[in-house]
Amino acid sequence: GHGGEDGADAGNNRLRRWSRYSLKFFYYWVSFSPLTRGSAAAGYAALVAILRFGGYGVQGGMKEGVQLDWEAILSDSFENFISEQLPWLTKSCVDIDEEDDAGGAEENIMEVLPDLRSRIEAL
């Protein structure tokens, strides 16, 4: 294991870290974007893209009738938003199989967006 953690614990910590990254980005995206469905849709796409970059796909979703953008907008802080949304998101995430057609996506992204500036410009 890594630093005394077994493989499952290390994988779970990694999943939680990438889930937190994606939720934090989404929170700030919708909090500072205009209140349009297009802005929220772009935020959802970024959330999924961040998770895919981390090696995870999203299957399933939130409870019916819940809109993640409004959950973020109405939350008093990103910490509260993340703590409320992290459980369903981590349950919905699956490891992307190496044989999946996105198996080499991380290397391709690093070739296309080699530095921080190019990644920020892509956003």
Side-chain angles (χ1 to χ4, degrees):
H2 303 313
E5 296 177 328
D6 67 14
D9 285 343
N12 192 29
N13 288 338
R14 185 172 167 271
L15 170 58
R16 289 180 60 80
R17 186 175 64 244
W18 280 100
S19 296
R20 287 181 58 82
Y21 293 155
S22 65
L23 286 169
K24 188 173 183 179
F25 182 89
F26 183 84
Y27 174 85
Y28 283 113
W29 179 267
V30 298
S31 294
F32 294 108
S33 295
L35 290 176
T36 65
R37 298 308 301 165
S39 294
Y44 284 113
L47 182 143
V48 171
I50 290 167
L51 286 168
R52 285 200 61 93
F53 184 75
Y56 298 98
V58 180
Q59 294 181 339
M62 297 172 291
K63 294 183 285 187
E64 189 174 328
V66 174
Q67 294 182 16
L68 192 59
D69 55 331
W70 283 107
E71 295 296 317
I73 291 166
L74 297 174
S75 186
D76 58 354
S77 70
F78 77 85
E79 291 98 350
N80 288 340
F81 171 71
I82 290 172
S83 68
E84 292 170 7
Q85 303 306 322
L86 196 61
W88 75 262
L89 183 58
T90 54
K91 288 178 189 172
S92 298
C93 288
V94 294
D95 281 322
I96 297 172
D97 188 30
E98 288 183 9
E99 274 100 69
D100 186 12
D101 57 358
E106 186 171 334
E107 291 77 17
N108 292 338
I109 289 170
M110 297 306 287
E111 290 173 14
V112 175
L113 304 172
D115 56 28
L116 181 59
R117 181 183 182 116
S118 63
R119 293 178 201 134
I120 290 171
E121 288 172 346
L123 294 173

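Just so it is clear, the model here is predicted, and its values are computed rather than measured. No hydrogens, no waters, no symmetry mates; every other heavy atom, side chains included, goes into these values.
- Here the CH2 atom belonging to W88 is positioned 9.0 Å from the OG atom belonging to S19, to the nearest 0.5 angstrom.
- The two residues L68 and Y44 have their closest heavy-atom pair at N-OH, 2.9 Å.
- By the salt bridge (charged side-chain N to carboxylate O under 4.0 Å, His left out) test, E64 is found to be paired with no residue, residues two or more places apart in sequence or in another chain being considered.
- Other members of the hydrophobic cluster containing I120, listed by chain and number, are L116; membership follows side-chain contacts under 4.5 Å among ILVMFWY residues, whether direct or relayed.
- Evaluation of the side-chain contact (heavy atoms from CB on, under 4.5 Å) rule for D76 yields N80 as partners, not counting sequence neighbours.
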Listing, residues 24-33 side-chain donor-acceptor contacts under 3.5 Å, not counting sequence neighbours, or none:
residue : atom : partner : partner atom : Å
W29     : NE1  : S39     : O            : 2.7
S31     : OG   : Y27     : O            : 2.7
S33     : OG   : W29     : O            : 2.4

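- Under the rule for a side-chain contact (heavy atoms from CB on, under 4.5 Å), the partners of V94 that lie at least two apart in sequence or sit in another chain are Q59.
- The two residues L47 and L89 have their closest heavy-atom pair at CD2-CD1, 4.4 Å.
- Once rounded to the nearest 0.5 Å, the distance linking CZ of R16 with CG of L23 reads 10.5 Å.
- Judged as a salt bridge (Lys or Arg N to Asp or Glu O under 4.0 Å), the pairs with a partner in residues 114-123 (not counting sequence neighbours) are, in order, R117-E121.
- Taking OG1 of T90 as the start and CD of Q85 as the end, the distance is 11.0 Å to the nearest 0.5 Å.
- Checking side-chain atoms of R52 against main-chain N and O of I96 turns up no donor-acceptor pair under 3.5 Å.
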